Amino acid sequence: MPSLQGYRPGWLTSDVSAGLAIAAVGIPSAIAYPAIAGLPPETGIYASIGSVIGYALVGPSRRLIVGPDAATMAVMAAVLATVLQQMPGLPQADLVGAASLLSIGVGLICFAASALKLGNIASLLSRPILAGFFIGVAISIIIGQIGRVTGLKIESDGLVGPLTELIQKAHSIHWPSLLLALIMFAILQFVRMRPVGIPGPVIVVALSGLLSAIFNFEAKGIRIVGNLPTGLPSIGFPVHSGLPFDDLMLGAAAIFVVSFGAGIITARSFAARTGEDVDPNAELRGFGAANIVSGLLGGFAVTSSDSRTAVNLSVGGKTQLAGLAAAIVLAIAVAFFASYLRILPIPALGAILIAAALSVIDLDGLRQIWRISRVEFGFALIAMAGAISFGVLQGVVVAIIATFVYVILKEIQPRVALLGQIPGRLGFYKLHRSADVQPVPGLLICFIQGNLLFFNTDHVDGQLREIIAEHAPDTRWLIIDASAITQIDSTAIAMLEDLQRDLEGLGIRMGLSEVQSSVWTLLERCRFSSRLGPAMIFDDLDDALRAFRAAAPEAADARNEPAPA
């Protein structure tokens, strides 16, 4: 186990204490979260047990704790809903099997991505788009709890349908259930604003269970969790020949994108506090093992848990032994306290889910995105609207498409800046930044601030020609500073060839400076570098300036230009 290397006996007490705290915090979410996907409560406990075992075996982080996650559950719920549409009346045991297969599928994708060194795939969803998507997911989760906290049977899907159905069935609301949910939600918010040393979900589970035992909520019409298996989960591969495996694998890919994107952000945020480094490819293996073991134990897809990790750090957990201790405590809870867990009221668990969903909504982050970039804020809203309007699963697709559109828009119009010098100072500066910067007479130095690819060549070509037209009468050389160009394609090279040919007609020589090795390989392959000639390819702008002055020394002397360093 990587996280147990160099273990010190003195850490045992801290790890066991942290394990108890993690289990206490984990039990409420382990029981409540499966309801998002229509799964029985025990699957959350099995997922919580299996995931920490898997991550402890392979995961790189000493303190990161994995477990059920609201956003991951919402995406999985959408995948399972698709399965149910194709197989109406699917028994719950087979639905559990489908969830376990999804978890194993996510784990296999994680290992494959790690083997291919695709750890940076976490960047597939940018932070603004993830923020918007999570808000959409949170709203979907909250809407999904209407039936649990009101006692109504809500049959509609989406955003408007359940709200409309709630209004139509308002006369049938089970008010004791709603009152209980409101009281538990108020307790959660109070503890959040005024911490009392015990996590809010733990208080709600303990209090609501106690009240259920005293007042017999089941007899009063308040739904309860019901019977839970009293034995430990058995290890086995879930098999059901009738399940649509193609849809499950596509669903696993969607769950992977969201769960790993959210998980790596959590890993990095906590690593920044502890001073640890985060290796995305190693985390992929850790998450892969966590999901595979979870699936083999009858659980579902998981990712890193911010609440459990925060508790682990606050109590002083040192290694993954804390997670293993939590798994042991959860196993004991299933084996010996199932009779208590069965009487937990569903409205209280619904309140926990609503509070958890609200905690995902990062309004401060949205405000910061608004201040930094209106465009990024717009894409955050697109991702949010996609999850709400089209459903969580389709929202993943919308979020990914929005990401690619955003990237293309950022790349499609790279700026071309004209560089010059400040008298008495070394180096080159952008003319538009300061009035002190002066162009080098007869020499245009154009800095292309981005890659040259098929979708932006027309834009760059237009900017270069506009600069040339403005300075053409006095220009003898045009040097392109290629230091920021890391990628170029055949369309861009054809554009440069046309530009060089037109410049020859104007009596202007064209050159390149600071060409990246990957770009240089393509320029040589298409012989554009030979066309320019070695005399017009420069290591840096100082070399280009010296060559320009050497080609017309008398002009430089007449202007008393400073010699380059």
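What you are looking at is a predicted structure, and each value in this text was computed from that prediction instead of being measured. Just so you know, these numbers use all the heavy atoms, side chains as well, and skip hydrogens, waters and symmetry mates. Throughout, numbering of the chain's residues begins at 1 and tracks the sequence.
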Residue pair Leu57, Ile53: steps toward the side-chain contact (heavy atoms from CB on, under 4.5 Å) verdict: CA-CA 6 Å; Leu57 292 172; Ile53 294 174; 4.3 Å; yes

Check whether Asn312 reaches the backbone of Ala18 with its side chain - one donor and one acceptor, N or O, closer than 3.5 Å. no

Checking Met384 against Phe379 for the side-chain contact (heavy atoms from CB on, under 4.5 Å) test, could you report, in this order, the C-alpha distance in whole Å, the side-chain angles of both residues, the deciding distance, and whether it holds? CA-CA 9 Å; Met384 178 177 68; Phe379 277 99; over 6 Å; no

Any sub-3.5 Å donor-acceptor pair from Thr43's side-chain atoms to Leu39's backbone N or O? no

Would you say Ser212's side chain and Ile343's backbone share a donor-acceptor pair under 3.5 angstrom? yes

Taking all heavy atoms of Ala98 and all of Leu80, pick out the closest pair and write down the distance. CB-CD2, 3.8 Å

Do Ser373 side-chain atoms and Ile369 backbone N/O form a donor-acceptor pair below 3.5 Å? no

Interatomic distance, Ile352 atom CD1 to Ser208 atom OG [nearest 0.5 angstrom]: 6.5 Å

Between Arg285 and Ser114, is any side-chain donor less than 3.5 angstrom from a side-chain acceptor? yes

Does Glu376 reach the main-chain N or O of Ile372 with its side chain, forming a donor-acceptor pair under 3.5 Å? no

Answer whether the closest heavy-atom distance between the side chains of Asp247 and Gln86 falls below 4.5 Å. yes

Looking only at atom types and distance, does a side-chain atom of Asp362 sit under 3.5 Å from a main-chain N or O of Gly365, one as donor and one as acceptor? yes

If I compare all heavy atoms of Gly50 with all of Leu297, which pair ends up nearest, and what's the gap? CA-CD1, 3.4 Å

Could you go through the side-chain contact (heavy atoms from CB on, under 4.5 Å) check for His174 and Leu152 one step at a time? CA-CA 7 Å; His174 189 257; Leu152 298 174; over 6 Å; no

Please state whether the rings of Phe377 and Trp370 are parallel, tilted or perpendicular, taking 30° and 60° as the class boundaries. perpendicular

Checking the side chain of Glu165 only, and the main-chain atoms of Glu155 only, is there a donor and an acceptor separated by less than 3.5 Å? yes

Around atom CD1 of Ile235, are there more than 12 heavy atoms of other residues, nucleotides or ligands at under 6.0 Å? no

Give a yes or no answer on whether the side chain of Asn291 reaches the backbone of Val106 with a donor-acceptor pair at less than 3.5 Å. no

Value for CD1 (Ile143) from CD1 (Ile354), rounded to nearest 0.5 Å, stands at 9.0 Å

Within-4.5 Å side-chain heavy-atom neighbours: Met184 and Leu207: yes

Whether Lys169 side chain and Thr164 backbone form a donor-acceptor pair below 3.5 Å: no

Please round to the nearest 0.5 Å and tell me the distance separating atom NZ of Lys318 and atom OG of Ser17. 11.5 Å

How about Ser48 and Arg308: does a side-chain donor come under 3.5 Å of a side-chain acceptor? yes

Got Leu349 and Pro28 here, is their nearest side-chain heavy-atom distance under 4.5 Å? no

Quick one: does Val66's side chain get under 4.5 Å of Ser305's, heavy atoms only? no

Say you draw a straight line from CG of Leu102 to CG of Leu248; how long is it, rounded to the nearest 0.5 Å? 5.0 Å

Is there a donor-acceptor contact under 3.5 Å linking the side chains of Arg371 and Gln368? no

What closest approach, in Å, do Pro199 and Val25 show between heavy atoms, and which atom pair accounts for it? CG-CG2, 3.4 Å

Side-chain H-bond candidate by donor/acceptor type, Ser259 with Asp69, under 3.5 Å: no

How about CZ on Arg194, more than 12 heavy atoms from neighbouring residues, nucleotides or ligands closer than 6.0 Å, or not? no

Does Leu180 reach the side chain of Phe217, with side-chain heavy atoms less than 4.5 Å apart? yes

Trp11 and Leu321, any side-chain heavy atoms less than 4.5 Å apart: no

For residues Gly263 and Thr303, report the shortest heavy-atom separation together with the two atoms involved. CA-OG1, 3.2 Å

Using the side-chain contact (heavy atoms from CB on, under 4.5 Å) rule, take Phe237 and Leu101 through it: C-alpha gap first, then chi angles, then the decisive distance, then the call. CA-CA 8 Å; Phe237 191 86; Leu101 280 174; 3.8 Å; yes

Any non-hydrogen side-chain atom of Asp364 less than 4.5 Å from a side-chain atom of Arg367? yes

Separation between CZ of Arg223 and CD of Glu218, rounded to the nearest 0.5 Å: 12.0 Å

Side-chain (Arg148) to main-chain (Gly144) donor-acceptor, under 3.5 angstrom: yes

Ile292 versus Phe287: any side-chain heavy-atom pair under 4.5 Å? no

Closest non-hydrogen atoms of Ala138 and Ile361, given as atom of the first, atom of the second and distance, are CB-CG1, 3.7 Å

Rounded at 0.5 Å granularity, tell me how far CG in Leu188 sits from CD1 in Ile203. 8.5 Å

Exercise: identify the closest heavy-atom pair between Phe133 and Ala383: N-CB, 3.8 Å

